Amino acid sequence: MHASVVVIGGGVMGTSIAYHLARAGVRDVVLVERDELASGSTSKAAGGVRAQFSDELNIQLGARSLEAFGRFRDETGYDIGLHRVGYLFLLSTPEEVAGFEAGVRLQNALGVPSRMIDPAEAQRLSPLITTDGLLAAAFSPDDGHCTPESVVHGYAAAAREYGARLLRHNDVTGIELHGDRITAVTTTIGRIATDTVICAAGPWSRTIGAMVGVDLPVVPLRRQIAVTEPVAGLPPQLPMTIDFTTSLYFHTEGPGLLLGMSDPDERPGFATDTHDRWIPRLTEAMEHRAPALLDLRRTGGWAGLYEVTPDHNALIGEATSVSRFLYATGFSGHGFLQGPAVGEVIRDLYLGRVPFVDVSPLSAGRFMADAPRPEANRV
């Protein structure tokens with residue numbers, strides 16, 4: 001088999017990249033996924049979409065993706081369950097308030113309609129919270145949430161329509177090099193001759209990079225989500241609500257709620273089984289900020305993997321040590337919501353065009369150069 005480009009990974013990044021390449025007229029785009037499409041991190045994501053970040057690049061990638069999510073059904077025919085209900089960050093320390101005030105100024109300068117609000121307005125927007133100890137909140141009405149699997153299947157179907165081939169249940173076993181040039185990708189169902197590889201393998205990206213001698217410093221970290229029974233009287237426009245101090249977050253999921261938070265005791269690894277060790281900390285956070293959640297019965301939940309980098313920011317770019325190896329990984333929890341924009345960026349890098357935003361600060365080489373790019377607004 002021959003491909004002009006092999007995309008590794010069938011989540012939101014890989015399918016978005018395959019779609020954008022094929023739509024731009026690139027022939028023989030082949031995507032390789034070792035399991036089912038969206039079976040990795042994407043299907044386990046909370047589905048939040050936002051442009052409220054502290055890093056200018058992330059604001060631009062988030063805002064561009066929000067535009068794409070808004071026209072997704074028209075472009076692909078797929079309903080992704082987009083709810084533009086906003087993101088509400090609850091802030092309890094002067095340092096958090098100062099950080100978000102600076103973030104809102106930057107976001108506003110880039111066209112994002114975020115604003116600082118007082119605790120009373122925050123409670124009107126999200127009536128399940130208590131305002132005890134709350135100093136302020138940040139809200140942007142354009143943010144929201146949608147269904148990750150639907151985004152992947154929409155991109156996959158559209159990519160196929162434009163001629164891309166998507167090979168599922170096909171594991172990458174190696175990348176062949178002639179000198180410093182890629183010549184083929186070997187997989188469990190055969191060899192694919194190609195001169196270009198794009199790594200969108202999420203938590204498994206480090207292994208792919210190592211095949212061509214490129215260090216992609218991505219570490220897998222389990223994160224858990226719980227789903228509750230139906231909740232009577234939920235406002236239809238309930239925003240994605242995040243208690244920034246504890247990282248407790250929740251949004252509507254059907255008639256109930258989806259909720260989660262980070263677990264500082266979690267250790268890196270590929271385990272995705274669920275456990276209850278995080279529940280005491282979750283309960284404590286709910287008691288403090290949203291005691292109404294304590295009465296709700298958990299009816300389900302799951303665990304998935306974040307792909308974390310040392311500065312909690314993405315790796316996007318093209319390797320200089322080998323030709324041609326591009327990558328889009330390490331999003332540290334904000335990858336799903338940037339998938340559309342990153343697909344555009346990787347398409348342009350592949351075609352030699354100037355992308356809509358300069359992603360060179362997100363090159364994997366920034367750690368060797370001691371130039372980390374930290375993102376503060378993460379959950």
Side-chain angles (χ1 to χ4, degrees), residues 45-55 58-59 62-63 65-66 69-70 81-108 110-146 225-228 231 233-254 256-262 282 285-294 296 333-334 336-338 375-379:
V49 292
R50 63 178 164 120
Q52 282 189 88
F53 287 96
S54 65
D55 181 302
N58 286 330
I59 296 167
S65 293
L66 282 172
F69 287 128
L82 179 61
H83 300 280
R84 301 294 279 273
V85 291
Y87 253 64
L88 178 67
F89 284 96
L90 307 174
L91 311 172
S92 304
T93 71
E95 293 78 18
E96 289 172 2
V97 174
F100 272 79
E101 284 174 341
V104 164
R105 284 194 295 273
L106 180 57
Q107 292 153 21
N108 292 170
L110 294 166
V112 174
S114 54
R115 64 182 192 270
M116 299 297 294
I117 62 175
D118 63 25
E121 186 177 352
Q123 192 175 43
R124 282 196 297 275
L125 287 167
S126 188
L128 294 172
I129 68 164
T130 173
T131 58
D132 294 350
L134 208 58
L135 297 182
F139 179 69
S140 183
D142 276 9
D143 298 344
H145 54 91
C146 61
I225 280 172
V227 178
T228 76
V231 184
L234 278 183
Q237 291 298 107
L238 181 78
M240 172 74 137
T241 303
I242 300 170
D243 183 42
F244 196 66
T245 310
T246 62
S247 83
L248 169 69
Y249 66 84
F250 58 87
H251 69 65
T252 55
E253 184 79 359
L257 291 173
L258 176 154
L259 51 93
M261 66 182 291
S262 62
L282 179 69
M286 291 191 294
E287 283 173 346
H288 172 67
R289 183 53 63 215
L293 300 179
L294 292 168
L296 299 177
H334 49 264
F336 166 66
L337 65 91
Q338 294 185 350
E375 170 55 54
N377 294 10
R378 51 193 169 80
V379 182

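What you see below is based on every heavy atom in this structure, not just the backbone, and it leaves out hydrogens, waters and symmetry mates. Note that the structure is predicted; figures quoted are calculated from it, not measured.
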Would a 4.5 Å heavy-atom cut-off, applied to side chains only, mark [X] and [Y] as touching?
{"X": "L248", "Y": "I242", "value": "no"}
{"X": "P113", "Y": "N108", "value": "no"}
{"X": "L135", "Y": "L91", "value": "no"}
{"X": "L294", "Y": "E287", "value": "yes"}
{"X": "D243", "Y": "M261", "value": "no"}
{"X": "I59", "Y": "L106", "value": "yes"}
{"X": "L234", "Y": "L257", "value": "yes"}
{"X": "L238", "Y": "F250", "value": "yes"}

Measure the [atom1]-[atom2] distance between [X] and [Y] for me, rounded to the nearest 0.5 Å.
{"X": "L337", "Y": "Q52", "atom1": "CG", "atom2": "CD", "value": "11.5 Å"}
{"X": "D55", "Y": "N377", "atom1": "CG", "atom2": "CG", "value": "9.5 Å"}
{"X": "H334", "Y": "F53", "atom1": "NE2", "atom2": "CZ", "value": "5.0 Å"}
{"X": "I117", "Y": "L88", "atom1": "CD1", "atom2": "CG", "value": "5.0 Å"}
{"X": "R289", "Y": "D132", "atom1": "CZ", "atom2": "CG", "value": "7.0 Å"}
{"X": "R105", "Y": "L110", "atom1": "CZ", "atom2": "CG", "value": "13.5 Å"}

>> Can you tell me how the ring of F69 sits relative to the ring of F336, calling it parallel under 30°, perpendicular over 60° and tilted otherwise?
In response: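 Aromatic pair F69/F336 classed tilted.
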> Angle class for the F89/F244 ring planes (parallel below 30°, perpendicular above 60°, tilted otherwise)?
Replying inline: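 Rings of F89 and F244: perpendicular, as their planes differ by over 60°.
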Looking at [X] and [Y], what are the two nearest heavy atoms and their distance?
{"X": "Q338", "Y": "N58", "answer": "NE2-OD1, 3.1 Å"}
{"X": "Y87", "Y": "R50", "answer": "CE2-CD, 3.2 Å"}
{"X": "A45", "Y": "I225", "answer": "C-CD1, 4.2 Å"}
{"X": "R84", "Y": "G70", "answer": "NH1-CA, 4.1 Å"}
{"X": "T131", "Y": "P119", "answer": "CG2-O, 3.5 Å"}
{"X": "C146", "Y": "V49", "answer": "SG-CG1, 3.9 Å"}

>> Could you go through V379 and S262, starting from their C-alpha distance and side-chain angles, then the distance that decides it, and tell me whether this counts as side chain to side chain contact (heavy atoms under 4.5 Å, CB included)?
In response: CA-CA 7 Å; V379 182; S262 62; over 6 Å; no
> Under the side-chain contact (heavy atoms from CB on, under 4.5 Å) test, which residues partner A51, sequence neighbours left out?
Replying inline: A63, L66, V112, D143
For a quick test of your reading: what N or O donor-acceptor pairs under 3.5 Å do the side chains of residues 120-127 make, sequence neighbours left out?
from: E121; atom 1: OE2; to: R115; atom 2: NH2; distance (Å): 2.9
from: Q123; atom 1: NE2; to: I129; atom 2: O; distance (Å): 2.9
from: S126; atom 1: OG; to: T241; atom 2: OG1; distance (Å): 2.9

>> Checking side-chain polar atoms at under 3.5 Å, does Q107 have a donor or acceptor matched by the opposite partner on S140?
In response: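 There is no such pair between these side chains.
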